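Once you've had a glance at the structure underneath, I'll fire off some questions.
Small disclaimer: the values here were computed from a predicted structure and weren't measured.
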Amino acid sequence: VQLQASGGGSVQPGGSLRLSCAASGLILDYSAIGWFRQAPGKEREGVSCISTIDGSTHYADSVKGRFTISRDNAKNTVYLQMNSLKPEDTAIYYCVIDYAACAVVAGKPVLIPDPRYWGQGTLVTVSS
């Protein structure tokens with residue numbers, strides 16, 4: 001499966017963006033979809049993930065209440081609605097998918113095992 005992420009851009013603090021991740025195949029063929037991000041000079045971290053089996057979701061503590069992950073099975077697309085953006089949300093955002101569990105480890109969403117399929121990343125810049 002190939003993943004195409006889009007929707008990144010530049011926004012002022014407090015603004016919103018919606019990221020999209022379109023899969024070339026059926027997302028229901030996989031059990032978990034997630035979003036990761038990597039900020040300059042920092043390690044990659046999980047932002048959110050969703051189970052395609054039961055729809056359960058997990059979020060990093062830093063984005064809870066501001067970000068929402070959702071999916072459109074008919075369009076084979078996953079979204080990340082990001083509201084109340086902060087400068088510390090600046091990062092390249094990657095979508096991932098695999099037959100894995102969507103879980104939380106040390107407060108961060110993860111896919112277990114590590115996902116094999118990654119999108120190309122979309123840059124989100126939050127600054128005034």
Side-chain angles (χ1 to χ4, degrees):
V1 64
Q2 293 183 332
L3 303 174
Q4 182 70 42
S6 61
S10 295
V11 64
Q12 293 185 339
S16 298
L17 285 173
R18 189 178 78 157
L19 305 184
S20 300
C21 177
S24 61
L26 298 176
I27 61 174
L28 291 181
D29 282 348
Y30 302 87
S31 58
I33 308 167
W35 288 94
F36 285 72
R37 69 185 180 185
Q38 186 163 21
K42 294 188 178 181
E43 292 186 355
R44 188 176 61 209
E45 64 175 358
V47 176
S48 181
C49 61
I50 183 169
S51 166
T52 63
I53 297 174
D54 61 12
S56 59
T57 58
H58 294 294
Y59 296 92
D61 290 343
S62 60
V63 307
K64 279 181 182 176
R66 301 188 297 121
F67 290 12
T68 303
I69 190 171
S70 62
R71 58 194 168 106
D72 185 328
N73 296 335
K75 295 183 178 179
N76 293 306
T77 299
V78 177
Y79 303 99
L80 186 68
Q81 178 66 44
M82 306 187 296
N83 299 328
S84 302
L85 283 161
K86 303 176 181 181
E88 51 263 43
D89 295 318
T90 295
I92 298 174
Y93 285 71
Y94 301 89
C95 57
V96 299
I97 192 169
D98 213 331
Y99 197 80
C102 166
V104 174
V105 175
K108 296 290 179 64
V110 295
L111 266 63
I112 300 174
D114 288 342
R116 293 169 291 173
Y117 307 108
W118 290 72
Q120 86 285 4
T122 185
L123 176 63
V124 172
T125 303
V126 185
S127 72
S128 54

Practice task
May I ask you to decide if H58's main-chain N or O and S48's side chain share a donor-acceptor pair within less than 3.5 Å?
Solution key: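 Yes, the answer is positive, given that a donor and an acceptor are paired below the 3.5 Å cut-off.
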
Exercise for the section: Please identify each residue that fulfils salt bridge (charged side-chain N to carboxylate O under 4.0 Å, His left out) with D98, with sequence neighbours left out. Expected result: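 Partners of D98 by the salt bridge (charged side-chain N to carboxylate O under 4.0 Å, His left out) criterion, ordered by chain and then number, come out as R116.
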
Exercise for the section: Using a 4.5 Å cut-off on heavy atoms from C-beta on, say whether the side chain of R66 contacts that of M82. Expected result: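 Counting from C-beta outward, M82 and R66 never come under 4.5 Å.
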
Problem - By side chain to side chain donor-acceptor pair (under 3.5 Å) - contacts of S51 (at least two apart) - result: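 Listed in chain order: D54.
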
Problem - N83 (side chain) donor-acceptor with S16 (main chain) under 3.5 angstrom - result: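 Side chain of N83 to backbone of S16, a donor-acceptor pair under 3.5 Å: no, none is there.
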
Handout entry: Pair K86 + D89, salt bridge at N-O below 4.0 Å
Key =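 Salt bridge flag = no for D89 with K86.
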
Exercise for the section: Decide yes or no for C102 and P109: does some side-chain heavy atom of the first lie under 4.5 Å from some side-chain heavy atom of the second? Expected result: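 No. Closest side-chain heavy atoms not under 4.5 Å.
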
Problem - N/O donor-acceptor pair under 3.5 Å between T57 side chain and C49 backbone - result: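 Judged by distance alone, no pair lies under 3.5 Å.
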
Problem - Contacts of type ring pair (Phe, Tyr, Trp, His ring centres under 6.0 Å), residue Y117, not counting sequence neighbours - result: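 Y30.
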
Practice task
From the options F67, F36, Y94, Y59, select the one residue that forms a side-chain contact (heavy atoms from CB on, under 4.5 Å) with V47.
Solution key: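 It is F67; the other options fail the test.
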
Exercise for the section: Verify, without hydrogens or angle tests, whether T90 (side chain) and V126 (backbone) share a donor-acceptor contact under 3.5 angstrom. Expected result: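 At least one qualifying donor-acceptor pair exists.
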
Problem - Atom pair CD/CG of Q81 and L17 - distance to nearest 0.5 Å - result: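 Between Q81 CD and L17 CG, I get 8.5 Å after rounding to 0.5 Å.
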
Exercise for the section: Determine yes or no for a side-chain-to-main-chain donor-acceptor pair under 3.5 angstrom, with E45 supplying the side chain and R37 the backbone. Expected result: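 Such a contact is absent between E45 side chain and R37 backbone.
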
